[in-house]
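Everything below concerns the one structure shown next.
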Amino acid sequence: MDKLKPEVLGNSLQQVLSTVLVLVLALVTFEVALYAGWRLAEWLDKRLRRPSNVVAYVIQVGTLAVFFFVTLAVALSVLDSLDFKALLESMEGDLVRGVYLWATLSAIAIVPLVAFLGLVVSLMRLQRQPSLRLAFMLLAPAGIGLAALIGYPMYYELRLAFSNMSLRNFREFQIGLEYGVTNLQRLLTDPVLQQQTFTPVFARTVIWTAVNVFFHVWGGLALALLLNRPMRGKGFYRTLLVLPWAVPQIIAVLAWRGEFHFQYGFVNLILTGLGLEPINWLTDAVWNFVAMCLVNIWLGIPFMMVIFLGGLQSISGEYYEAAEIDGASPYQQFRRITLPLLRPVLTPAIVLGTIWTFNNFNVPFLINQNELETSDILVTALYRAAFEYNRYGFAAMFAFVIFLILLVFSLVYIWRSGTLRGVYE
Amino acid sequence: MSTTATVERPREAARPSAAAVSTFFRRTRGDSPFKRLLIHGTLILACLIAAYPILRVMSVALRPNDRLLSTSLEIVPPDASLDAFGEVLTNTDFLLWIWNSLIITITTATIGVIIAATSAYAFSRWRFPGRSFGLVFLLATQMIPAAMMLVPLFILATQIGIVNSYRGLVLGYSVTAVPFSIWILKGYYDTVPIDLEEAAKIDGASQMQAFVRILLPLSTPALAIVFLFNFMAAWNDYLLARVMVGSVADLNTWTLGFKHFIDQFRTDWGNFAAASIMVMIPVMALFLYSAKWLISGLTLGSVKG
């Protein structure tokens with residue numbers, strides 16, 4: 001309560017707003033620069049009649065790079081002037097940090113930017129389609145954002161995967177192919193954390209994903225089919241059924257963890273009420289895994305239900321009428337009409353559901369209060385390897401293996417089912 | 001169940017004709033009472049399973065402090081009190097956490113929606129080189145484990161010195177939900193006929209005017225969903241916040257603050273439950289308010305005719 005003062009509240013507001021201001025300013029200036037660069041190239045095109053492509057290309061990229069650098073400088077100075085503490089700090093002569101900051105920032109901004117712009121410009125010159133300009137201007141903010149916050153860190157992570165970085169050599173770590181090979185070998189043979197090797201953890205993750213996605217899809221589909229009819233109290237049911245999705249996940253998971261308490265949790269209370277033995281949900285290896293699955297199934301069904309309900313509502317009733325006239329049974333109607341027509345919704349939902357479950361962190365991490373290694377799935381093991389055992393290089397390689405497994409699975413699934421083709425035909 | 005074989009499931013037609021409407025109502029009356037009982041029974045059971053754990057949190061919040069752990073299953077304890085709520089509001093920094101979370105979440109969700117809305121427009125209306133690669137790339141970003149990005153982001157943030165401030169969080173949250181948002185919005189834009197924009201352009205509107213004046217208003221459901229997703233992604237984040245501002249008490253968001261209630265070995269259930277209820281209610285209200293848009297916004301894109 002003592003912190004609820006205007007200075008403290010204003011401080012956080014100022015931090016957020018100044019960052020947003022810089023962000024917006026940088027983006028606007030960038031768009032202007034992009035446009036100006038194109039106009040300049042166009043003007044040069046007219047002036048020089050027949051410029052070689054290389055000259056125009058260099059001019060365009062150069063202009064844009066200069067424009068962007070100026071933008072960055074303006075943005076940073078605005079950022080500093082808005083923040084007195086940082087300004088004072090930088091005035092006290094901490095030159096090394098300043099240079100470091102500049103170098104890293106420009107590396108973050110410039111490398112992918114030049115690559116991106118080079119791509120854009122060369123493609124534009126190839127296409128000679130001025131109408132595409134607006135498209136690229138529209139894409140630019142997302143492109144830059146994703147390049148800076150996903151592209152560059154991914155590249156950095158790849159470097160880490162081929163290094164021996166750990167807590168012991170945090171500052172002076174070496175990068176080399178041999179370290180990557182060692183990391184990979186360790187990942188496949190040694191225990192990932194202390195006891196379990198990669199294979200059992202991977203197998204558990206596959207079981208976890210399969211069980212969860214199975215119940216999410218069929219549970220969600222069953223509820224959606226029940227709800228997709230005119231009846232009393234439909235809105236009421238739908239509202240209540242969406243609740244698990246609406247509750248903030250951290251709260252839901254922590255509350256569930258409390259409810260798995262041996263003596264006071266309602267799960268065991270109900271079990272004993274039914275005349276069954278109470279279960280050690282939090283300490284027993286198998287039951288802890290079951291508890292994780294129960295919580296995640298509870299959390300995930302509403303999303304699937306909402307998706308499928310929307311899909312069902314877009315199926316025209318005429319199909320069913322025709323089927324009835326031909327004497328099709330409800331099961332046949334479901335099998336021959338509902339499922340095929342629901343497929344455009346079903347496949348992306350299954351792919352995304354699989355990815356999200358495979359990568360689910362909150363549920364397995366938080367339900368596992370006693371840090372049983374037998375309840376770790378790949379991503380929680382990854383988190384522990386990095387932040388509890390501080391094996392950063394090893395964890396980076398671990399992360400790439402997980403990412404590749406998912407990528408291969410999804411691409412194969414999408415390719416085999418062929419449904420996403422319609423999305424980007 | 002032999003009667004159900006002849007009584008068919010009624011369906012809502014997308015564009016019900018007069019004939020469809022009349023058969024529709026006849027069938028509803030035709031559902032046998034047993035079948036209706038079965039359906040309502042199943043749904044009530046499902047609702048109980050969905051809502052009971054949440055009601056339990058409420059029950060803990062209402063219990064007086066001396067018997068937080070109880071073996072009873074009832075929701076409203078006989079000696080209910082609101083002490084825990086007062087305790088959370090006066091003795092903890094709850095309001096500060098909520099304030100911090102709110103300002104950061106609302107601003108980043110807005111930025112995220114704007115970025116996604118414009119990019120999705122480009123993906124939907126132009127055939128540019130690298131378009132399908134871009135869409136697959138966006139899908140691929142969903143496969144990156146959150147824990148994977150944490151190490152490089154943490155190291156980079158330390159190196160450029162934006163740890164312990166909101167800078168990293170604002171940047172991170174603005175982009176997190178963008179790939180998924182682009183997918184949803186692109187799918188939705190695809191269902192809006194391009195003729196509308198063409199007509200506007202014939203009347204003298206520019207491409208951007210057509211986008212802002214015609215397409216965006218028509219896409220309100222999808223925009224609402226995307227805002228909700230961006231909002232929830234930032235609002236519920238724990239990992240990035242812990243890495244970026246975890247050590248600064250003044251900048252804690254509610255997810256970080258809540259960890260003070262629940263440690264590994266000591267749990268303050270009463271305060272946790274009361275604070276949870278106060279966090280849950282506005283988020284659930286937002287969710288339920290947008291429920292009418294949820295369904296159309298999420299799926300229209302993928303079931304185009």
Side-chain angles (χ1 to χ4, degrees), chain A residues 1 3-4 8-9 12-13 15-16 19-20 101 104 123 132 134-135 138-139 141-142 145 149-150 153 156-157 226 229-230 237 239-241 243-244 246-251 254-255 264 269 306-307 309-311 314 316-317 320 324 344-345 355 359 379 382-383 386 392 399 402 406-407 424, chain B residues 8 10-11 13-14 20 28 39 43 47 50-51 57 69 73 90 93 95-96 99-100 103-104 107 115 118-119 121-122 126 128-129 132 135 141-143 145-149 151-153 159-160 165-167 170 175 178 207 236 238 250 255 262 276 280 284 287-288 294-295 298-299 302-303:
Chain A
M1 192 61 189
K3 292 221 179 82
L4 215 59
V8 180
L9 296 180
S12 37
L13 188 64
Q15 284 203 14
V16 170
T19 318
V20 169
L101 182 128
T104 323
L123 286 172
L132 283 181
L134 187 60
L138 289 169
L139 284 172
L149 280 140
I150 293 180
Y156 196 91
E157 183 87 341
L226 287 180
R229 66 185 71 234
Y237 286 135
T239 308
L240 280 183
L241 289 173
L243 280 184
V247 175
Q249 212 181 46
I250 301 255
I251 291 180
L254 288 177
Y264 302 111
L269 290 177
V306 167
I307 294 250
L309 203 51
S314 66
S316 162
Y320 296 98
E324 271 166 44
V345 185
I355 294 170
N359 278 339
V379 281
L382 165 67
Y383 179 85
Y392 298 110
I402 297 177
L406 267 180
L407 192 68
Y424 55 87
Chain B
E8 305 305 339
R11 297 279 161 180
T28 323
I39 290 169
L43 284 174
C47 287
V57 178
L69 298 170
L73 285 173
T90 50
D93 291 326
L95 290 174
L96 175 70
W99 163 260
N100 285 345
I103 55 172
I104 199 165
T107 42
I115 291 177
T118 52
S119 304
Y121 187 54
W126 278 274
F128 50 87
S132 43
L135 283 170
T141 59
Q142 299 292 298
M143 294 161 206
M148 175 178 182
M149 304 303 280
V151 180
L153 281 180
Q159 284 180 349
I160 63 175
S165 82
Y166 277 153
R167 301 227 170 102
V170 171
V175 182
V178 160
Q207 183 91 39
N236 289 335
Y238 172 71
D250 284 359
T255 46
I262 301 220
S276 298
M280 253 189 306
M284 283 183 355
F287 231 93
L288 299 179
L294 264 179
I295 293 176
L298 270 178
T299 44
S302 36
V303 238

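Just so it is clear, the structure is predicted and the values come from calculations on it, not from any experiment. A, B, ... follow the sequence lines: proteins, then strands. Residue 1 opens every chain.
Note on B:Ile115, B:Val57, B:Asn100, B:Val175: by heavy-atom pairs under 4.5 Å with chain A, the leading option is B:Val175. Of the listed residues A:Leu254, A:Val20, A:Ile402, the one with more heavy-atom pairs under 4.5 angstrom with chain B than any other is A:Leu254. The greatest number of non-hydrogen atom pairs below 4.5 Å with chain A, out of B:Ala146, B:Ala51, B:Ala122, is found for B:Ala122.
Residues A:Leu9 and B:Trp99 approach most closely at O-NE1, 3.1 Å, considering heavy atoms. Nearest heavy atom pair, residue A:Leu406 against residue B:Met143, reads CD1-O, 3.5 Å. Looking at every heavy atom in both residues, A:Val247 comes nearest to B:Met284 through CG2-SD, 3.8 Å. Annotation for A:Leu226 and B:Ile39: closest pair CD2-CG1, 4.0 Å, computed over non-hydrogen atoms. Pairing each heavy atom of B:Ser119 with each of A:Leu138, the nearest pair is OG-O, 3.6 Å. Across every non-hydrogen atom of B:Met148 and A:Ala399, the tightest pair is CG-CB, 3.4 Å.
Both the backbone and the side chain of B:Ser165 come within contact range of chain A, judged by heavy atoms closer than 4.5 Å. Interface residue B:Ser276: backbone and side-chain heavy atoms are both found under 4.5 Å from chain A. Heavy-atom distances place the side chain of A:Ala386, and not its backbone, under 4.5 Å from chain B. Residue A:Ile251 touches chain B through both its backbone and its side chain, counting heavy-atom pairs closer than 4.5 Å. Both the backbone and the side chain of A:Ile150 come within contact range of chain B, judged by heavy atoms closer than 4.5 Å. In this structure, the portion of A:Ile355 lying under 4.5 Å from any heavy atom of chain B is its side chain and not its backbone.
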- Task: Could you please spell out the steps behind the side chain to side chain contact (heavy atoms under 4.5 Å, CB included) verdict for B:Leu43 and A:Leu240?
- Result: CA-CA 10 Å; B:Leu43 284 174; A:Leu240 280 183; over 6 Å; no
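We find the OG1-CG distance between B:Thr141 and A:Leu149 to be 12.0 Å, quoted to the nearest 0.5 Å. A distance of 6.0 Å separates CG of B:Leu96 from OG of A:Ser12, quoted to the nearest 0.5 Å.
No donor-acceptor distance shorter than 3.5 angstrom exists from the side chain of B:Asn236 to the backbone of A:Ile250, with no hydrogens or angles considered.
Partners of A:Tyr237 under the ring pair (Phe, Tyr, Trp, His ring centres under 6.0 Å) rule, at least two apart in sequence or in another chain, are B:His40. Under the side chain to side chain contact (heavy atoms under 4.5 Å, CB included) criterion, A:Pro153 pairs with B:Met149, B:Pro152, B:Leu153, B:Leu156, not counting sequence neighbours.
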